[in-house]
Amino acid sequence: MNDYLEIYEKFKDVKEIFDFCDDVQKLREYFHAGRFQKMQEHIRSLMLKYSLETLVWNTVNTQPPLTYEQAYINAEAFLRGQGAKLVVEKISDYKSRLSPDEISFIEAMIKPMG
């Protein structure tokens, strides 16, 4: 699996997934452009947007990021799982739009979430 975003982009016809993909792209753009303050602001807005999921994430991931790179990696990992959750919740026939490997990826992402 090269990039999880490629899987989620297959569902951009659903507004929540479209917005989610946009959030991932913004995170990546800010990090790769070295706009770390903007990235931190974006991460804070994502924490508010997904407040319940953030609480759950932070109970499992108790070591806060100490660098911008760690913050980026942590946010990417969080979003990878959040995207799978959105796909399963919003698209009842998601499996019909994915390859077997992509289905396995989604299922592996949601399994730890319950």
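Starting from 1, each residue takes its place in the sequence as its number.
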Visitor: Are Tyr4 and Ile73 connected into the same hydrophobic cluster when the rule is that any two of I, L, V, M, F, W, Y join if their side-chain heavy atoms are below 4.5 Å apart?
Guide: yes
Visitor: Which residues pass the side-chain contact (heavy atoms from CB on, under 4.5 Å) test with Ser104, not counting sequence neighbours?
Guide: none
Visitor: Quick one, Gln82 with Leu46, criterion side-chain contact (heavy atoms from CB on, under 4.5 Å). Give me CA distance, side-chain angles, the key distance, then yes/no.
Guide: CA-CA 11 Å; Gln82 186 60 33; Leu46 292 171; over 6 Å; no
Visitor: Taking side-chain contact (heavy atoms from CB on, under 4.5 Å) as the test, write out the residues that go with Phe36, two or more places apart.
Guide: Phe31, Met39, Tyr68
Visitor: Do NZ/NE/NH1/NH2 and the carboxylate oxygens of Lys49 and Asp23 come within less than 4.0 Å?
Guide: yes
Visitor: To the nearest 0.5 Å, what is the distance between NZ (Lys85) and OH (Tyr50)?
Guide: 9.0 Å
Visitor: How close do Ala71 and Ile43 get, heavy atom to heavy atom, and via which atoms?
Guide: O-CD1, 3.9 Å
Visitor: Evaluate Lys95 against Ile106 for side-chain contact (heavy atoms from CB on, under 4.5 Å), listing each step before the verdict.
Guide: CA-CA 9 Å; Lys95 291 181 181 181; Ile106 295 285; over 6 Å; no
Visitor: Between the side chains of Arg35 and Glu41, is the shortest nitrogen-to-carboxylate-oxygen separation below 4.0 Å, so that they form an ion pair?
Guide: no
Visitor: If you round to the nearest 0.5 Å, how far is CD of Glu9 from CG of Asp3?
Guide: 7.5 Å
Visitor: Return the CD to CG distance between Glu53 and Leu86, rounded to the nearest 0.5 Å.
Guide: 8.0 Å
Visitor: Any heavy-atom pair between the side chains of Met109 and Phe105 that's under 4.5 Å?
Guide: yes
Visitor: Just jot down the side-chain contact (heavy atoms from CB on, under 4.5 Å) partners of Thr67, sequence neighbours excluded, or say none.
Guide: Glu69, Gln70
Visitor: So which atom in Leu79 and which in Tyr8 form the shortest heavy-atom distance, rounded to 0.1 Å?
Guide: O-CE1, 4.5 Å
Visitor: Enter the distance from Ile17:CD1 to Glu89:CD here, rounded to the nearest 0.5 Å.
Guide: 9.0 Å
Visitor: If I take atom CD1 from residue Ile7 and atom CZ from residue Arg97, how far apart are they, to the nearest 0.5 angstrom?
Guide: 13.5 Å
Visitor: With a 4.5 Å limit on heavy-atom distance, are the side chains of Glu102 and Lys10 in contact?
Guide: yes
Visitor: Within a strict 4.5 Å, meaning less than it, do heavy atoms of the Tyr72 and His32 side chains meet?
Guide: yes
Visitor: Can you tell me how far apart NZ (Lys38) and NZ (Lys26) are? Round to the nearest 0.5 Å.
Guide: 8.5 Å
Visitor: Flag the pair Trp57 / Asn74 as yes when at least one side-chain heavy-atom distance between them is below 4.5 Å, and no otherwise.
Guide: yes
Visitor: Is the His42 ring parallel, tilted or perpendicular to the Tyr30 ring (thresholds 30°, 60°)?
Guide: perpendicular
Visitor: Side-chain contact, heavy-atom cut-off 4.5 Å: Thr54 with Phe78?
Guide: yes
